[in-house]
Amino acid sequence: MNELAGKRIVLGVTGGIAAYKAAELTRLLVKAGATVDVVMTEAATRFVSAMTFQALAGRDVWTSLWDGDQRGMAHIDVTRGADAVLVAPATADFLARLTHGMANDLLTTLCQARDCPLLVAPAMNRQMWEQPATQRNVAQLAADGVTILGPTAGEQACGEIGEGRMLEAQQLFDALVAFLQPKPLVGKKVLLTAGPTFEALDPVRGLTNTSSGKMGFALARACAEAGAEVTLVAGPVCESQSSWYANKRIDVTSALEMRAAVLTALPGQDVFIAVAAVADYRPAAAAEHKIKKGAQTLTIELVANPDILAEVAARPDAPFCVGFAAESRNLAEYAEGKRRAKKLPLVVGNLVQDGLGGDTNQVTLFDDAGVHPLPAGGKLTVARGIVTHIARLMKCTE
Ligand code: C5P
């Protein structure tokens, strides 16, 4: 995915062992289409050679204020036209110098002279991170509008365990991509449901479906990227699906639990997006003990589950409600029918064969103005398109 096509990123690298992760980050940025100008402090060149970054970025690397005549105004020129400066790793020393407005090497100088956003990814020994001076500096930088990414806790290069470990290259990449997205949902609260539900038959069995939750999680992420405060109510999805971008995540199993979680989280929400594939029916009663085999036929009585979306949309104080219609045929007819029946401003329709369980999707949006097909793509790209449409319908501008 060319997520950063046309973007120019200045990647500052300071002298910490995590500098090796900046090499991988450079590769990810370049692969996503960005032009990357790497600026290294003198200490950084002791950990990883400038040649490594030059090869990965395919461009000259900046290492000194005194790089020669043809680069005379590097401290200003490098950041002009850049979309962001990201310093990873950012050592305690660099953060201290930055906080105090020092400009005693190329990287601090261009940070002072920049006219684009600055993000830093601290990386240091846990004691250094915990020092009041470092904590003061980081708080001051955040107050000055610098975005602080991490650090995280874990095993450190020195063998100690604690907070101060730099985020992984992929996490920094994801955070930067998120940072660069348009922010039409700033100040809005969005509640989403995602995944399947599981309706117990007995202690080990139940009724469910093949929804992976990927589309709901991608939408939660796209809403967070757009600046919203996100609450995600997730049915039983694969454990590896992280939702770091959500402000709150509530894991549920059954439709009744999902309904209760939604109704509890609902007050104050501006948007409700029901992506979950909620089971339409549940066993009238779950057996207390495992059902034993033997009988040639087994009849299970099912009762209808409440329709969470219809219930929310019918409230007098309903947020902007978005429904999903996953159909195996007659998409337009069924999706528009659902929109009218549940009185929704927007329904996202897709054919199950185009999206369920996979990493890509092709959706069509149904609203009062008509039918809007979105281009097929990865679920996050599709989710960003849906969020843009929601923001437009809600008349949210950046
Ligand atoms: O009517 P149908 O189940 O196809 O509607 C799908 C839409 O309604 C989805 O947005 C889904 O999340 C939501 N839904 C719900 N509660 C149910 C069934 C569906 O919120 N019990």
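Just so we're clear, the structure is a prediction, and the values are computed from it rather than from any experiment. All values below come from the heavy atoms of this structure, side chains included, with hydrogens, waters and symmetry mates left out. When a ligand or atom number is given, it counts from 1 through the structure's own listing order.
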Nearest to atom 1 (O) of ligand 1 by heavy atom, Arg259, Glu311, Lys342: which? Lys342

Taking 4.0 angstrom as the limit, do Asp115 and Arg80 come out as a salt bridge? yes

Pairs where residues 140-166 contributes a residue and the test side chain to side chain donor-acceptor pair (under 3.5 Å) is met, not counting sequence neighbours: Asn125-Glu160, Arg126-Glu160, Gln140-Asp144, Arg165-Glu168

How far is atom 18 (C) of ligand 1 from its nearest protein heavy atom, and which residue and atom is that? Val278 CB, 3.7 Å

In terms of residue, atom name and distance, what is the protein heavy atom nearest to atom 9 (C) of ligand 1? Phe324 O, 3.2 Å

For ligand 1, which atoms, with element, lie under 4.0 Å from some heavy atom of Ala274? 9 (C), 10 (O), 11 (C), 12 (O)

About how many Å separate CG of Leu180 and CD of Glu225, when rounded to the nearest 0.5 Å? 10.0 Å

Taking every heavy atom of Pro89 against every heavy atom of Ala123, the minimum-distance pair comes out as CB-CB, 3.6 Å

Tell me whether Glu336 is salt-bridged to Arg339, with the criterion being a basic N under 4.0 Å from an acidic carboxylate O. yes

Is it the side chain, the backbone, both or neither of Pro306 that has a heavy atom closer than 4.0 Å to ligand 1? backbone

Within ligand 1, which atoms have a heavy atom of Gly323 less than 4.0 Å away? 10 (O)

When rounded to the nearest 0.5 Å, the distance separating OH of Tyr334 from CD of Glu327 is 7.0 Å

Protein residue, atom and distance nearest to atom 12 (O) of ligand 1, heavy-atom basis: Ala276 O, 2.6 Å

